[in-house]
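First the structure, in the form of structure tokens, and then the observations on it.
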Amino acid sequence: VSPDGKWITYATQPANGKRVAWIRTIGSDSAQQIPGTENINGTLWSPDSRRLVTLADGTLRIFDVASGSSRPLGSLGALRGGSWNRDGVLLLARASDNILVRLSESGSEVTPVTKLDAGRKETIQGLPVFLPDDKRFLYVSVAAKAEDSGIFRASLDGTESPTRVIAIQPNGFNGMAYAPSGHLLYLNEGRLSAQRVDAMGQPQGNAIVVADNVDGSFTASNTGLLFYHKAAPRAGRQLIWFSRDGKSLGPVGVEANYGNVDISPKGDRAAVDIVTNNNQDIWVVDLERSVAQPITFDPGRDWTASWSPDGSRLAFASTRASNDGTTKIYEKSSTGTGTETVLPSGDASSIPVNWSADGKYIVFSRLRQFGNTSGYDTWVLPTFGDRKPAPL
């Protein structure tokens with residue numbers, strides 16, 4: 001959506017054609033195809049809403065809304081977001097080396113603005129957003145450790161050292177925007193939040209949730225108009241037994257918003273995570289009686305439970321008590337009684353996968369940032385001795 005809230009750009013792709021970009025006024029049924037946008041990857045509005053930068057096949061072009069003409073601006077390859085200030089500076093997150101670069105809207109030489117911080121083992125910088133002075137900006141930084149990642153502030157002239165202003169663990173971080181109301185909007189783990197910030201990007205008070213279960217990205221105008229794609233609701237799922245040859249043997253339990261399922265070693269129970277009242281908790285379903293019992297009650301998100309070999313314990317992932325969004329592994333009795341214990345999986349987001357048959361090890365996935373890539377590695381956590389986790 002354009003900053004003035006009057007225009008919207010979007011992409012379409014026919015069944016046997018290339019993806020292209022279109023533009024139309026909000027409230028109109030007619031649209032204009034933007035030239036030079038075959039295989040479009042993104043668009044970026046100018047602050048005055050009169051021009052548009054498009055990225056298609058790695059090439060940047062400037063499109064003039066009034067005349068409908070466009071001109072090439074340069075080639076940067078893939079990008080991870082960008083911002084355009086009132087001085088005509090484009091600040092772009094270049095994916096080839098994961099840093100922020102600048103160029104003029106007139107088509108000047110591309111110049112690096114930042115560099116990766118080796119001390120923090122920084123791997124990715126992206127989604128830059130200019131602050132009101134058009135000199136300073138915010139961006140997302142991913143580092144090896146959760147406490148070194150977050151939303152940082154820096155300046156175009158490089159006189160300020162990058163400073164973390166919001167401590168957050170980027171996990172599925174899909175967008176960031178500054179609103180003239182003094183709010184920073186950001187989308188992380190499917191949750192769109194609004195954080196009031198001062199002119200320097202320093203947070204004021206606590207963030208509020210604008211929308212949950214957001215799929216993909218979002219866009220906001222300076223007029224307060226917000227677009228986002230709501231994830232399809234998952235309520236009404238049904239657990240169903242199937243034989244090994246693919247025949248349905250009938251349902252188990254009631255319809256609910258089920259997530260992950262793990263059958264107990266004896267096969268008499270199933271650990272599931274269910275979303276109720278916008279909160280995700282671990283439940284255990286008695287498969288013979290079709291009765292479900294809640295195991296966790298914390299307002300934090302709990303999911304993907306794994307059984308111990310004797311069926312007495314459950315290991316599960318949770319974001320509870322995590323100010324930066326880091327996922328930890330917890331353990332609790334499968335009956336729901338007693339306390340919950342956090343397991344020593346390290347300082348990176350970790351998710352349990354399976355418990356070894358002898359009960360001595362828990363296999364888990366741990367978030368990894370290495371070089372210019374991020375993903376999950378397989379780790380093993382001993383349940384005996386010093387319980388020091390190690391990569392598999």
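A quick note: this is a predicted structure, and the numbers were derived from the prediction, not measured.
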Do [X] and [Y] sit within salt-bridge range, that is, some charged N less than 4.0 Å from a carboxylate O?
{"X": "R153", "Y": "E160", "result": "yes"}
{"X": "R320", "Y": "E340", "result": "yes"}
{"X": "D286", "Y": "R269", "result": "no"}
{"X": "E38", "Y": "K18", "result": "no"}

Any side-chain heavy-atom pair of [X] and [Y] under 4.5 Å:
{"X": "I168", "Y": "V140", "value": "no"}
{"X": "T114", "Y": "Q125", "value": "yes"}
{"X": "T123", "Y": "L116", "value": "no"}
{"X": "P170", "Y": "S149", "value": "yes"}
{"X": "Y139", "Y": "S83", "value": "no"}

Determine, stepwise, if the pair D64 / R71 fulfils salt bridge (Lys or Arg N to Asp or Glu O under 4.0 Å). CA-CA 9 Å; D64 184 82; R71 61 178 173 86; over 6 Å; no
W84 versus E105, side-chain donor and acceptor atoms under 3.5 Å: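 Their side chains do contain a donor-acceptor pair, which is all the 3.5 Å distance test asks for.
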Report yes or no: does [X] contribute a side-chain atom to a donor-acceptor pair with the main-chain N or O of [Y] at less than 3.5 Å?
{"X": "Q280", "Y": "D273", "answer": "no"}
{"X": "K115", "Y": "I99", "answer": "no"}
{"X": "S104", "Y": "S108", "answer": "no"}
{"X": "T383", "Y": "G359", "answer": "yes"}
{"X": "D198", "Y": "P203", "answer": "no"}
{"X": "K328", "Y": "G346", "answer": "yes"}
{"X": "D358", "Y": "K360", "answer": "yes"}
{"X": "S28", "Y": "R24", "answer": "no"}
{"X": "T37", "Y": "I40", "answer": "no"}
{"X": "T296", "Y": "I282", "answer": "yes"}

Can N279 and D281 be said to form a side chain to side chain donor-acceptor pair (under 3.5 Å), step by step? CA-CA 7 Å; N279 190 45; D281 281 303; 2.9 Å; yes
Minimum heavy-atom separation for [X] to [Y], with atom names?
{"X": "S306", "Y": "N354", "result": "OG-CA, 3.4 Å"}
{"X": "P35", "Y": "R61", "result": "O-NE, 4.5 Å"}
{"X": "H183", "Y": "A194", "result": "CD2-CB, 4.2 Å"}
{"X": "P382", "Y": "R387", "result": "O-NE, 3.3 Å"}
{"X": "S350", "Y": "A317", "result": "O-CB, 4.2 Å"}
{"X": "F137", "Y": "S155", "result": "CE2-C, 3.5 Å"}

Is the NZ or CZ atom of R51 both under 6.0 Å from the centre of the six-membered ring of F63 and within 45° of that ring's axis?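 No, a cation-pi geometry is absent between R51 and F63.
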Can a cation-pi geometry be assigned to R301 and W303, taking NZ or CZ under 6.0 Å from the six-membered ring centre and within 45° of the ring axis?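 The answer is yes; both the distance and angle limits are met.
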Is there a side chain to side chain donor-acceptor pair (under 3.5 Å) between S141 and E122 once you walk through the steps? CA-CA 7 Å; S141 170; E122 189 179 30; 2.6 Å; yes
Is there a side chain to side chain contact (heavy atoms under 4.5 Å, CB included) between V110 and L76 once you walk through the steps? CA-CA 9 Å; V110 177; L76 269 77; 3.8 Å; yes
Just do the side chain to side chain donor-acceptor pair (under 3.5 Å) check on T59 and D57 with the steps written out, would you? CA-CA 6 Å; T59 299; D57 279 338; over 6 Å; no
Shared hydrophobic cluster, [X] / [Y] (ILVMFWY, side-chain heavy atoms < 4.5 Å):
{"X": "F364", "Y": "L343", "result": "yes"}
{"X": "W355", "Y": "V353", "result": "no"}
{"X": "I34", "Y": "L44", "result": "no"}
{"X": "W241", "Y": "V285", "result": "yes"}
{"X": "L55", "Y": "L92", "result": "yes"}

W45 vs T9, test: side chain to side chain contact (heavy atoms under 4.5 Å, CB included). Steps then yes/no. CA-CA 9 Å; W45 281 99; T9 62; 3.7 Å; yes
Carefully, step by step, assess W22 and T12 under the rule side chain to side chain donor-acceptor pair (under 3.5 Å). CA-CA 8 Å; W22 299 76; T12 64; 2.9 Å; yes
May I have the step-by-step check of side chain to side chain contact (heavy atoms under 4.5 Å, CB included) for M176 and I151, ending in yes or no? CA-CA 10 Å; M176 191 160 67; I151 299 175; 3.8 Å; yes
With sequence neighbours excluded, tell me which residues meet ring-ring contact (aromatic ring centres under 6.0 Å, His included) with Y361.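 Counting only residues at least two positions away or on another chain, Y361 forms a ring-ring contact (aromatic ring centres under 6.0 Å, His included) with F384.
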Output the distance between atom CD1 (I62) and atom CZ (R50), rounded to the nearest 0.5 Å.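 Rounded to the nearest 0.5 Å, the CD1-CZ separation comes to 14.0 Å.
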How long is the span from the OG atom in S318 to the CG atom in D302, to the nearest 0.5 Å?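 Between atom OG of S318 and atom CG of D302 there are 4.0 Å.
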By side-chain hydrogen bond (donor to acceptor under 3.5 Å, both in side chains), which residues pair with S161, not counting sequence neighbours?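 For S161 there are no side-chain hydrogen bond (donor to acceptor under 3.5 Å, both in side chains) partners, ignoring immediate neighbours.
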Run through L287, V272, V254 and flag the one making a side-chain contact (heavy atoms from CB on, under 4.5 Å) with L239.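 Passing option: V272.
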Give the C-alpha distance, both sets of side-chain angles, the deciding distance and a yes or no for salt bridge (Lys or Arg N to Asp or Glu O under 4.0 Å) between D134 and R86. CA-CA 7 Å; D134 286 324; R86 288 167 293 186; 2.6 Å; yes
Between D148 and K145, does a salt bridge (Lys or Arg N to Asp or Glu O under 4.0 Å) hold up when you go through it step by step? CA-CA 5 Å; D148 292 331; K145 294 183 179 180; 5.7 Å; no
